[in-house]
Amino acid sequence: REFCLRIIEQFDLQTCVVTLGAEGATGVSHTGEVITVPADKVTVVDSIGAGDAFSAGFATQLLRGASLEKALSMGNMMGGLATST
């Protein structure tokens with residue numbers, strides 16, 4: 001939380017996200033809201049592209065006005081899909 005708040009302040013961001021691999025992801029908003037969403041269990045075939053897929057799912061939801069929790073969930077789902085196919 002403290003790391004993300006420093007990054008948010010330093011770069012004037014709205015949100016900071018830290019992906020946690022099989023543990024999911026945590027997001028911190030500029031207001032100090034902290035949300036952690038666990039990842040779905042998947043059988044990992046290859047982890048290449050997981051971060052890109054997470055980012056695409058997360059950003060798409062956030063830009064559509066979704067909550068931080070929903071955006072993190074979509075990012076986790078897309079990252080899991082990318083690793084398991």
Side-chain angles (χ1 to χ4, degrees):
R1 179 179 189 270
E2 296 306 317
F3 167 79
C4 282
L5 288 173
R6 282 196 315 267
I7 294 297
I8 287 169
E9 184 177 327
Q10 183 177 352
F11 295 103
D12 192 27
L13 302 174
Q14 295 293 309
T15 308
C16 175
V17 175
V18 177
T19 58
L20 308 169
E23 300 302 314
T26 295
V28 179
S29 75
H30 68 286
T31 63
E33 174 186 32
V34 179
I35 303 285
T36 298
V37 177
D40 296 327
K41 300 296 181 202
V42 297
T43 301
V44 176
V45 175
D46 189 348
S47 63
I48 293 175
D52 292 337
F54 176 93
S55 296
F58 176 81
T60 298
Q61 289 302 304
L62 210 59
L63 290 171
R64 289 182 175 171
S67 67
L68 180 56
E69 182 175 10
K70 185 172 180 178
L72 289 167
S73 293
M74 179 61 76
N76 282 342
M77 184 176 72
M78 296 302 289
L81 181 64
T83 65
S84 63
T85 57

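Given the structure is predicted, the values throughout are model-derived calculations rather than measurements.
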- [ ] Treat each ILVMFWY residue as a node, draw an edge where side-chain heavy atoms are under 4.5 Å apart, and state whether Val17 and Leu13 are in one component.
- [x]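 Different clusters.
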
Heavy-atom pair of closest approach, residues [X] and [Y]:
X	Y	answer
Val42	Ser84	CB-CB, 4.2 Å
Val28	Arg1	CG2-CA, 4.2 Å
Leu5	Ser29	CD2-O, 4.0 Å
Cys16	Cys4	SG-SG, 2.7 Å

- [ ] Would you please name every residue forming a side chain to side chain contact (heavy atoms under 4.5 Å, CB included) with Ala53, sequence neighbours left out?
- [x]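 Expected list: Met78, Ala82.
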
TODO: Just jot down the side chain to side chain contact (heavy atoms under 4.5 Å, CB included) partners of Leu81, sequence neighbours excluded, or say none.
DONE: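 So Leu81 forms a side chain to side chain contact (heavy atoms under 4.5 Å, CB included) with Thr85.
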
Throw together a table of side-chain donor-acceptor distances under 3.5 angstrom for residues 61-76, partners on residues two or more places apart or in other chains.
unit_1, atom_1, unit_2, atom_2, d
Ser67, OG, Lys70, N, 3.1
Ser73, OG, Glu69, O, 3.1
Asn76, ND2, Val37, O, 3.0
Asn76, ND2, Pro38, O, 3.4

TODO: Determine yes or no for a side-chain-to-main-chain donor-acceptor pair under 3.5 angstrom, with Thr60 supplying the side chain and Gly57 the backbone.
DONE: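 Not at all, since once roles are kept as given, no pair shorter than 3.5 Å links the two residues.
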
Open item on the list: What's the separation between atom CD1 in Ile8 and atom OG1 in Thr15, rounded to the nearest 0.5 Å?
Closed with: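 So the CD1 of Ile8 and the OG1 of Thr15 are separated by 6.5 Å.
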
